[in-house]
Participant: 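Mind looking over this structure? Questions follow.
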Amino acid sequence: MSAPTGPDLRDIHLPPAPSWFPPAPGWWLLALVLLIAIAFGVRILLRQWRERRWRQRVAAELDRIAAMHAAQPDTVRLAADVSQLLRRASLLIEPNAAALQGDAWLAFLDRQFDDASGAPRDTAPHDQARFRTVTGRALIDAPYRRAEDPAAAVDATALLGLARDWLKRALPRRQSHV
């Protein structure tokens with residue numbers, strides 16, 4: 001005897017393997033978050049790169065001024081060029097700074113120097129008058145004197161060092177300069 005035959009049954013069908021596209025909504029969200037993070041990272045890196053490049057250009061300009069003075073010593077020209085560079089750089093701190101004249105200009109430079117140091121103003125009175133010393137006063141006096149005038153004599157090394165220190169310490173950080 002043979003066993004009764006029933007309906008022909010097929011084997012279990014497995015669903016097709018899931019495809020990689022389109023991804024699930026969670027993957028889209030993760031990709032969006034990663035793109036935003038990458039965009040912010042690139043933006044921060046570009047800002048830092050621009051700031052670093054700008055600072056290098058300012059330092060190179062001061063080095064160019066020093067090299068010109070070394071090649072052709074002219075204290076009147078040196079004082080005028082350094083003053084002009086400091087005025088251009090100070091526009092980043094306060095837009096009206098370049099219009100200051102005389103002691104107000106020197107006081108502004110000293111104030112920015114002191115603010116950048118982080119030291120309380122009462123603790124270092126000798127440091128408050130960096131630009132109001134003989135070296136710093138050359139920025140306002142020497143450009144208007146004749147080169148042969150003994151009062152136009154400037155300590156070039158001290159003036160360039162003072163300007164370099166001010167540029168390093170007083171200029172604001174985290175701003176786009178380009």
Side-chain angles (χ1 to χ4, degrees), residues 1-71 78 81-100 104-124 127-128 130-131 136 139 157 159-178:
M1 297 198 79
S2 70
T5 60
D8 286 333
L9 298 176
R10 292 193 230 166
D11 201 9
I12 299 174
H13 292 283
L14 295 175
S19 68
W20 62 273
F21 195 82
W27 289 110
W28 284 110
L29 185 62
L30 179 64
L32 181 66
V33 168
L34 284 175
L35 285 175
I36 291 171
I38 289 171
F40 277 123
V42 167
R43 183 176 180 206
I44 289 170
L45 288 176
L46 278 175
R47 259 193 198 169
Q48 289 175 348
W49 177 73
R50 284 180 182 150
E51 180 179 329
R52 191 171 37 253
R53 186 181 69 186
W54 182 84
R55 288 182 182 279
Q56 288 171 349
R57 285 181 180 172
V58 169
E61 177 72 14
L62 190 61
D63 292 341
R64 184 193 63 76
I65 292 169
M68 274 183 26
H69 179 70
L78 173 72
D81 288 347
V82 169
S83 181
Q84 182 182 23
L85 179 66
L86 292 178
R87 285 183 186 277
R88 285 193 332 237
S90 68
L91 289 174
L92 296 171
I93 298 170
E94 188 174 319
N96 297 330
L100 295 174
W105 167 239
L106 297 178
F108 170 80
L109 292 173
D110 285 336
R111 189 172 55 250
Q112 298 311 314
F113 213 133
D114 292 339
D115 289 347
S117 69
R121 292 178 192 242
D122 298 336
T123 61
D127 288 342
Q128 287 182 358
R130 287 185 170 107
F131 282 95
L139 294 175
T157 307
L159 182 61
L160 289 169
L162 188 60
R164 188 166 281 123
D165 287 345
W166 187 86
L167 289 169
K168 283 181 184 176
R169 295 176 63 190
L171 291 181
R173 299 243 180 226
R174 290 186 174 86
Q175 285 189 1
S176 180
H177 306 298
V178 178

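These numbers come from a predicted model, not from an experiment. Along the sequence shown, the residues carry numbers beginning at 1.
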Participant: Indicate yes or no: at least one non-hydrogen side-chain atom of Leu162 is less than 4.5 angstrom from one of Leu109.
Facilitator: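 Side-chain contact under 4.5 Å: no.
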Participant: If the plane angle is over 60° it's perpendicular, under 30° parallel, otherwise tilted; pick one for Trp166 and Phe131.
Facilitator: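 Ring orientation of Trp166 relative to Phe131: perpendicular.
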Participant: Which distance, rounded to the nearest 0.5 Å, do you find between the CZ of Arg47 and the CH2 of Trp54?
Facilitator: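 With rounding to 0.5 Å, CZ (Arg47) is 15.0 Å from CH2 (Trp54).
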Participant: Taking the side chain as everything from C-beta on, heavy atoms only, tell me whether Asp63 gets closer than 4.5 Å to Arg164.
Facilitator: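 The answer is yes; the side chains approach within 4.5 Å.
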Participant: Calculate, to the nearest 0.5 Å, the distance between atoms CZ and CZ belonging to Arg57 and Arg50 respectively.
Facilitator: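 So the CZ of Arg57 and the CZ of Arg50 are separated by 11.0 Å.
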Participant: Can you check whether Pro25 reaches Trp27 side chain to side chain, under 4.5 Å on heavy atoms?
Facilitator: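 A side-chain contact under 4.5 Å is absent here.
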Participant: Establish, for the pair Arg53 and Trp49, whether the NZ or CZ atom is under 6.0 angstrom from the six-membered ring centre and no further than 45 degrees off its axis.
Facilitator: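 Checked: cation-pi criterion met.
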Participant: Could you grab the distance from atom CG of Leu62 to atom NZ of Lys168, nearest 0.5 Å is fine?
Facilitator: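 So the gap between those two atoms works out to 10.0 Å.
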Participant: Counting C-beta onward and ignoring hydrogens, is there a side-chain heavy-atom pair between Ile65 and His69 closer than 4.5 Å?
Facilitator: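 No. Closest side-chain heavy atoms not under 4.5 Å.
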Participant: Could you pull out the closest heavy-atom pair between Ala163 and Val82, with the gap in Å?
Facilitator: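 Closest approach of Ala163 to Val82, heavy atoms only: CB-CG1, 3.7 Å.
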Participant: I'd like to know if Arg55 pairs up with Glu51 as an ion pair, taking the criterion as any Lys NZ or Arg NE/NH1/NH2 lying under 4.0 Å from an Asp or Glu carboxylate oxygen.
Facilitator: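 Yes, this pair counts.
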Participant: So do Glu94 and Ser90 actually touch side chain to side chain, heavy atoms under 4.5 Å?
Facilitator: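 No - every pair of side-chain heavy atoms lies 4.5 Å or more apart.
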Participant: Looking at every heavy atom in both Leu167 and Ala89, which two are closest together, and how far apart are they?
Facilitator: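 Shortest heavy-atom contact: CD2-CB, 3.7 Å.
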Participant: Considering all heavy atoms of both residues, which atom of Leu106 and which atom of Gly136 are nearest to each other, and what is their separation?
Facilitator: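 Answer, listing the atom of Leu106 first, then Gly136: CD2-O, 3.5 Å.
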Participant: Quick one, Leu100 and Asn96 - any side-chain contact, counting heavy atoms below 4.5 Å?
Facilitator: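 Heavy-atom side-chain distance check fails, nothing below 4.5 Å.
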Participant: Nearest 0.5 angstrom please: Asp81 CG to Leu159 CG, how far?
Facilitator: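 Between Asp81 CG and Leu159 CG, I get 10.5 Å after rounding to 0.5 Å.
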